[in-house]
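Data block below; observations after.
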Amino acid sequence: MQVLLTGGAGYIGSHTALCLLNAGHQVVALDNLNNSSPEALRRVEELTGKKAPLIVGDCTNEATVTSVFEQYKIDAVIHFAGLKAVGESVVKPLDYYQNNLDATMTLCRVMPKFGCKVLVFSSSATVYGTNQEMPLREDFPTGCTNPYGWTKWISERILTDVAHADPTRSFVLLRYFNPIGAHESGRIGEDPTGIPNNLMPYICQVASGKLDHLRVFGNDYPTKDGTGERDYIHVMDLAEGHLAAIEFAAKHEGVEIFNLGTGIPYSVLDIVRAFEQANGLKIPYEITPRRPGDIAVCYADPKRARDTLHWQAKRDLTTMCHDAWNWQKHNPQGYGK
Ligand code: NAD
Ligand code: WQD
């Protein structure tokens, strides 16, 4: 298949591009480089020996998206493009609603004009909101706690309504848990702008000496060691989940939702210890108050993806920590964007 990857130069998009190319698909990326570098796809080409063309443009612009479909015969779309910083979304909600919802709606408008019916969407475990019951199943109630999360929730709603209006469309909504790590080569990885918000990139920058120490946000949660528990998934497992999803979607009609997680919760201190052991490094940390908006525990029931997509995460926490550091240590300035 020829697959359009919106946001394809980003962290998850570039790893998925590599995985699709290695599986024999063709890819084309549309990215405005708001949070990424063209170097990521250049390295994907280097690793695969195949072309990963990048069109620099905005997915909210109907003329731009139309011109991509005119230029390439697109069979399916994986829609990664979006703004993703939770804290920033609270400060700039309109930017998030405008970018993330317009991008989704623009694709929905343009795709049928070119007979393209298959779309895989980057949703998030954040749509489960403050559910207490774990593990989280796809049929659990949803609801969000910040504008970023609502853009995912509303995009899921829009895609569901659009697919109901035209039952020949095939949309797969993937709810990712916490992607970490990097391709084993250390050539592509996560390249956050400024001080990282997320745990693993923060730990990597402490390990490299860029940041002084980790702040562990709260040790008074009702968890085994008091720190927050999450379902961390290797980004290459996640990428392989997209390959399974796109191949499933191409033979399917209607809307399907899948969690992409391991089903295993790890605490912040588990991650610190695993990182130290995997890489033979010390991560200094202090316990600080909880981060506003954080929940205690969040992990997936991955059964539906296993049964229907025949996909499951394979890489363990040691591999995730090793590969995250391997990328950071060889690319201390990321892609240098
Ligand atoms: P990323 O920022 O690395 O990638 C997103 C890409 O989209 C970037 O390259 C950015 O430049 C591009 N982009 C943003 N708006 C665009 C627009 N209007 N037009 C064209 N390109 C645009 O983020 P990521 O971690 O790779 O995440 C990919 C997707 O997965 C996002 O939608 C994100 O919300 C979602 N997601 C990420 C996580 C996570 O923890 N990384 C978890 C759940 C869901
Ligand atoms: C993980 C754990 C923190 C940083 C976010 C988004 C979510 C999804 C994935 C996109 C928590 C703790 C963190 C630090 C810490 N993204 N922590 N010190 O919050 O689970 O999820 O990214 O959809 O929507 O909310 O991920 O990596 O920020 O935090 O103690 O410096 O690490 O409290 O328990 P989170 P995270």
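Whatever order the structure lists them in is the order used to number ligands and atoms, beginning at 1. Values below: all heavy atoms of this structure, side chains included; hydrogens, waters and symmetry mates excluded.
Here atom 4 (C) of ligand 2 lies nearest to Phe217 when heavy atoms of Phe217, Tyr176, Tyr202 are compared. Nearest-heavy-atom check against atom 7 (C) of ligand 2 across Cys144, Pro201, Ser123, Ser124 picks out Ser124. Residue Val268 holds the heavy atom nearest to atom 32 (O) of ligand 2 of all those in Thr151, Ile12, Val268. Looking at Tyr285, Tyr266, Tyr232 and measuring to atom 2 (C) of ligand 2, the nearest heavy atom belongs to Tyr232.
Under 4.0 Å from ligand 2, the heavy atoms of Val86 that appear belong solely to its side chain. No part of Asn100 comes within 4.0 Å of ligand 1, judged by heavy-atom distances. Contact annotation: for Ala81 versus ligand 1, heavy atoms closer than 4.0 Å belong to both the backbone and the side chain. With a heavy-atom cut-off of 4.0 Å, Lys152 touches ligand 1 through its side chain alone. Contacts between Asp294 and ligand 2, counted as non-hydrogen atom pairs separated by less than 4.0 Å, involve the side chain only. Contacts between Ile271 and ligand 2, counted as non-hydrogen atom pairs separated by less than 4.0 Å, are absent for every part of the residue. When non-hydrogen atoms are compared, ligand 1 lies under 4.0 Å from the backbone of Asp31 as well as from its side chain. Using a 4.0 Å cut-off between heavy atoms, Arg215 contacts ligand 2 through its backbone alone, with no side-chain atom that close.
By the criterion of side-chain heavy atoms lying less than 4.5 angstrom apart, applied directly or through intervening Ile, Leu, Val, Met, Phe, Trp or Tyr residues, Val297 is not grouped with Tyr176; the two fall into different hydrophobic clusters.
In terms of polar-atom proximity, Leu30 is not counted as a contact of ligand 1, lacking any N or O under 3.5 Å from an N or O of the ligand. Among the atoms of Asn35, some N or O lies under 3.5 angstrom from an N or O of ligand 1. For the pair Ile12 and ligand 1, the shortest N or O to N or O distance falls below 3.5 Å. Between Asn34 and ligand 1, at least one pair of N/O atoms sits closer than 3.5 Å.
Taking all atoms of both residues into account, the shortest heavy-atom contact from Lys224 to Asp270 is NZ-OD2, 2.5 Å. In plain terms, the two heavy atoms of Ala52 and Glu45 that are nearest each other are N-OE2, 2.7 Å.
The protein heavy atom nearest to atom 34 (O) of ligand 1 is Tyr148 OH, 2.6 Å. Ranking protein heavy atoms by distance to atom 3 (O) of ligand 1, first place goes to Tyr11 N, 2.8 Å. Counting protein heavy atoms only, atom 16 (C) of ligand 1 is closest to Asn32 ND2, 3.4 Å. The protein atom (non-hydrogen) at minimum distance from atom 43 (C) of ligand 1 is Tyr176 CD1, 3.5 Å. Looking from atom 29 (C) of ligand 1 to the surrounding protein, the closest heavy atom is Phe80 O, 3.2 Å. Closest to atom 5 (C) of ligand 1, if we only count protein heavy atoms, is Gly82 O, 3.9 Å. Scanning the protein for heavy atoms near atom 4 (O) of ligand 1, the closest one is Gly10 CA, 3.5 Å. Given atom 24 (P) of ligand 1, the protein heavy atom at minimum distance is Lys84 NZ, 3.8 Å.
Ligand 1 is never approached by Ala125 to a heavy-atom distance shorter than 4.0 Å. Contact annotation: Pro179 has at least one heavy atom less than 4.0 Å from an atom of ligand 1. Note on ligand 1: Gly8 sits outside its first shell, no heavy atom being nearer than 4.0 Å. At least one heavy atom of Asn99 sits closer than 4.0 Å to an atom of ligand 1.
A distance of 11.0 Å separates CD1 in Ile158 from CZ in Phe171, rounded to the nearest 0.5 Å. Here the straight-line distance linking atom CG of Leu199 with atom CG of Asn197 works out to 11.5 Å at 0.5 Å rounding.
The Asn197 neighbourhood of ligand 2 comprises atoms 4 (C), 28 (O), with distances under 4.0 Å to a heavy atom of that residue. Within ligand 2, counting atoms from 1 as listed, the ones closer than 4.0 Å to a heavy atom of Arg230 are 1 (C), 11 (C), 20 (O), 34 (O), 35 (P). Set against the non-hydrogen atoms of Tyr148, the atoms of ligand 2 under 4.0 Å away are 10 (C), 23 (O), 24 (O). Atom numbering of ligand 1 starts at 1 in the shown order; those under 4.0 Å from a heavy atom of Asp58 are 17 (C), 18 (N), 19 (N). Under a 4.0 Å criterion applied to the non-hydrogen atoms of Gly228, ligand 2 contributes the atoms 34 (O). Those atoms of ligand 2 that come under 4.0 Å of a heavy atom in Val216, given as number and element, are 30 (O).
With hydrogens and angles disregarded, a donor-acceptor distance shorter than 3.5 Å links the side chain of Asp225 to the backbone of Thr227.
If you run side chain to side chain contact (heavy atoms under 4.5 Å, CB included) between Ile246 and each of Val120, Val77, Thr16, only Val120 comes through.
Judged by the 6.0 Å distance and 45° axis criteria, Arg175 is positioned over the aromatic ring of Tyr128. Cation-pi contact between Arg290 and Tyr221: present, with separation from the ring centre below 6.0 Å and deviation from the ring axis of at most 45°.
Ring orientation note: the planes of Tyr148 and Tyr96 are nearly perpendicular, at an angle over 60° on the 30°/60° scale.
Taking the side chain as every heavy atom from C-beta outward, Leu211 and Pro196 approach each other to under 4.5 Å.
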